[in-house]
Structure formats: structure tokens, C-alpha cells
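Right, one structure below, let's go through it.
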Amino acid sequence: MTTTPRDLFQQMQQRWLGHPTTHIGDLLADDAVIETPFAPPGQPTRFEGKRQFLEFTAPQRTAFPVRFDDCRTIAVHDTRDPNTIVVEYELTGTNTNTAKQSTATFIAVLTARQGKVALWREYQNTLAITQALT
């Protein structure tokens with residue numbers, strides 16, 4: 001059975017809501033491209049390869065003071081390419097330092113290849129994320 005982009009997104013959601021240090025690394029192709037065009041200043045906006053992405057995010061993830069409580073899919077849009085979807089979703093999390101709960105919206109483009117994420121381009125609401133961390 002072929003793993004679809006929708007399947008991969010569901011698996012990503014499960015990981016985000018799992019243990020705080022759970023990562024999506026096993027869902028990424030070795031040559032995956034991860035892009036965050038709206039990343040905060042000073043942060044990379046493109047990672048080429050799973051290794052580069054994991055090396056950057058692993059230390060940040062363990063120090064990230066947010067526990068994700070919910071991930072609500074707003075819409076999933078199919079594209080002309082059956083291996084690519086556009087996903088609108090909301091992540092709700094609790095700041096573990098302040099107990100403040102916040103929600104941020106995202107739009108992502110996900111392309112699957114051979115059962116793995118080949119492209120993950122995520123447009124983040126960086127203002128909402130910044131406010132959640134304060």
C-alpha cells in the first residue's frame with residue numbers, strides 16, 4: 001500500500017501531539033527539502049536534506065517550552081500532482097513555563113515520494129508563535 005501525502009500529514013500530527021521530544025525525522029526522505037519562508041529573522045528558511053534539518057532542530061526542540069495539545073485540520077487541498085497536497089491547520093499548545101495556551105495557524109505544502117516527505121514548505125503565523133512564547 002502506498003503512503004499518501006494525507007497519510008504522512010496524519011502521521012506528522014500524531015508525532016506533534018505525542019511525547020514532547022518525538023520528532024518527524026523518520027517520515028522525511030534523506031534528501032527532503034524543508035522550507036519555512038516566514039521564519040523569524042536570523043533563522044534558516046531552507047534545509048536541504050533530513051540530516052541538516054534534524055541537526056538544526058534537535059537542540060531547539062528539546063528546549064522548546066511548548067507542549068502541543070491539539071492539531072486541527074482546517075482543509076486539505078489536492079493539487080494536480082497526486083503526490084502533493086496543501087494543508088491548512090491550527091496548532092494549539094501550552095507554554096510549559098507560563099501555562100498560557102495559544103493557537104497558531106499554518107499553511108503547508110507537502111509532497112510525498114516513496115512513502116516519505118520529499119518537500120515540506122510551511123507558512124507559519126510567526127506573530128502568534130512569538131506571542132505564545134512570551
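Excluded from the calculations below are hydrogen atoms, water molecules and symmetry mates; all remaining heavy atoms, backbone and side chain alike, are included.
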*Please say which of Glu88, Gln13, Glu90 ends up in a side chain to side chain donor-acceptor pair (under 3.5 Å) with Arg72.*
Glu90
Side-chain heavy-atom pair [X], [Y] within 4.5 angstrom cut-off:
X	Y	answer
Pro37	Thr45	no
Val86	Thr79	yes
Val117	Phe9	no
Asp70	Phe68	no
Leu27	Arg15	yes

For the atom pair [atom1] ([X]) and [atom2] ([Y]), what is the distance rounded to the nearest 0.5 Å?
X	Y	atom1	atom2	value
His77	Ile74	NE2	CD1	9.0 Å
Gln14	Ile24	CD	CD1	13.0 Å
Leu54	Leu28	CG	CG	6.5 Å
Leu17	Met12	CG	CE	12.0 Å
Thr36	Glu122	OG1	CD	7.5 Å
Thr4	Asp78	OG1	CG	9.5 Å

*Looking only at heavy atoms, which two atoms of Ala118 and Ala29 are closest? And how far apart?*
CA-CB, 4.4 Å
_Can you give me the closest heavy-atom contact between Pro44 and Ala39, atom names plus distance?_
O-CB, 3.6 Å
*Report the C-alpha distance between Thr3 and Gln11 in whole Å, list the side-chain angles of each, state the deciding distance to 0.1 Å, and finish with yes or no for side chain to side chain contact (heavy atoms under 4.5 Å, CB included).*
CA-CA 10 Å; Thr3 303; Gln11 291 175 41; 4.1 Å; yes
Only counting residues at least two apart or in another chain, list the ones meeting salt bridge (charged side-chain N to carboxylate O under 4.0 Å, His left out) with [X].
X	value
Glu55	Arg51
Lys116	none
Arg46	Glu35, Glu48
Asp31	Arg113

Using the rule that Ile, Leu, Val, Met, Phe, Trp and Tyr join whenever any side-chain heavy atoms are under 4.5 Å apart, tell me whether [X] and [Y] fall into a single cluster.
X	Y	value
Phe38	Phe53	no
Val33	Leu8	no
Val76	Tyr123	no

_Donor-acceptor contact below 3.5 Å, side chain Thr73 vs main chain Ala75_ = no
Which donor-acceptor pairs under 3.5 Å do side chains of residues 103-111 form with protein atoms, sequence neighbours excluded?
| residue | atom | partner | partner atom | Å |
| --- | --- | --- | --- | --- |
| Thr103 | OG1 | Thr92 | OG1 | 2.8 |
| Thr111 | OG1 | Thr84 | OG1 | 2.8 |

*With sequence neighbours left out, write down each residue that passes side chain to side chain donor-acceptor pair (under 3.5 Å) with Asp69, or none if nothing qualifies.*
Arg67, Thr94, Gln101
_Parallel, tilted or perpendicular, as decided by the 30° and 60° cut-offs, for the rings of Trp16 and Tyr89_ = parallel
